[in-house]
Amino acid sequence: MEANREVYKADCHVLEGYGQDAEFLREKKKEIFSISFNISRTDLEACDIYQKIEDTVARYGLSRDQVHIEITGSALNDSSQAMVEAVQHFHDLGYQVWMDDFGSGYSSRKPLAL
């Protein structure tokens, strides 16, 4: 899937499932927890991931503070200027961006600031 640059479909499916779950919980008057949503450098290159996320957030009435964008540390290292621009774009849209170093033995789970 990643070789075909279609990993964004799986990532969008995760967010779509979260939106459906949040809608169900809202109807039941239950608490809705936030989601930590991973994106890769491939997501940024293969589609307009910003619009896909915005569309899903709007469709399910989610607030941007419920959706935390996680970008891997290795993706930040691969193309630092492109990732800096991506982080800034997500910030401009109102999302928190976290750095995920899963596999390196450390995951900050803290907002990534520029």
Side-chain angles (χ1 to χ4, degrees):
M1 187 173 244
E2 190 166 358
N4 295 334
R5 298 171 52 101
E6 293 185 347
V7 71
Y8 76 91
K9 291 179 181 179
D11 294 337
C12 290
H13 181 74
V14 169
L15 187 58
E16 184 78 20
Y18 171 75
Q20 292 170 355
D21 290 347
E23 189 174 64
F24 174 81
L25 291 170
R26 191 179 305 110
E27 289 173 3
K28 300 292 182 188
K29 302 194 183 323
K30 301 285 185 179
E31 184 175 4
I32 301 170
F33 294 95
S34 61
I35 185 174
S36 178
F37 174 70
N38 286 333
I39 65 163
S40 69
R41 184 172 40 91
T42 306
D43 291 340
L44 296 167
E45 297 168 351
C47 68
D48 185 351
I49 195 69
Y50 310 104
Q51 192 61 54
K52 289 192 177 297
I53 293 170
E54 286 285 275
D55 290 348
T56 304
V57 165
R59 182 170 40 259
Y60 292 105
L62 303 171
S63 67
R64 290 181 180 96
D65 63 345
Q66 290 175 295
V67 179
H68 303 145
I69 309 297
E70 281 196 26
I71 299 176
T72 62
S74 61
L76 286 170
N77 293 335
D78 288 346
S79 179
S80 59
Q81 184 57 37
M83 294 312 292
V84 166
E85 291 170 7
V87 169
Q88 186 60 55
H89 192 113
F90 280 119
H91 282 176
D92 291 346
L93 290 170
Y95 296 97
Q96 286 187 20
V97 180
W98 298 359
M99 186 173 79
D100 179 13
D101 276 344
F102 183 76
S104 69
Y106 176 76
S107 182
S108 68
R109 298 282 186 193
K110 294 180 183 174
L112 185 61
L114 296 177

Within residues 24-34 or reaching into it, pairs that qualify as side chain to side chain donor-acceptor pair (under 3.5 Å) - sequence neighbours excluded: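 Those involving residues 24-34 do not exist here.
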Are [X] and [Y] packed together at the side-chain level, in the sense that at least one heavy-atom pair is separated by less than 4.5 angstrom?
X: L44; Y: T42; result: no
X: I69; Y: Q96; result: no
X: I35; Y: D21; result: no
X: I39; Y: F90; result: yes

[atom1] of [X] to [atom2] of [Y]: how many Å apart, nearest 0.5 Å?
X: E6; Y: C12; atom1: CD; atom2: SG; answer: 12.0 Å
X: E23; Y: I32; atom1: CD; atom2: CD1; answer: 9.5 Å
X: N38; Y: H68; atom1: CG; atom2: NE2; answer: 13.0 Å

Pair up each side-chain donor or acceptor in residues 49-62 with any protein partner under 3.5 Å, not counting sequence neighbours, and list the distances.
| residue | atom | partner | partner atom | Å |
| --- | --- | --- | --- | --- |
| Q51 | NE2 | D55 | OD1 | 2.7 |
| E54 | OE1 | R64 | NH2 | 2.7 |
| E54 | OE2 | R64 | NE | 3.1 |
| E54 | OE2 | R64 | NH2 | 3.4 |
| E54 | OE2 | Y95 | OH | 2.5 |
| T56 | OG1 | K52 | O | 3.0 |
| T56 | OG1 | R59 | NH2 | 3.4 |
| R59 | NH2 | E16 | OE1 | 2.8 |
| Y60 | OH | E16 | OE2 | 2.4 |

Can you pull out every ring-ring contact (aromatic ring centres under 6.0 Å, His included) where at least one residue sits in residues 12-44? Sequence neighbours excluded, please.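 As it turns out, there is no ring-ring contact (aromatic ring centres under 6.0 Å, His included) pair with a partner in residues 12-44 once direct neighbours are skipped.
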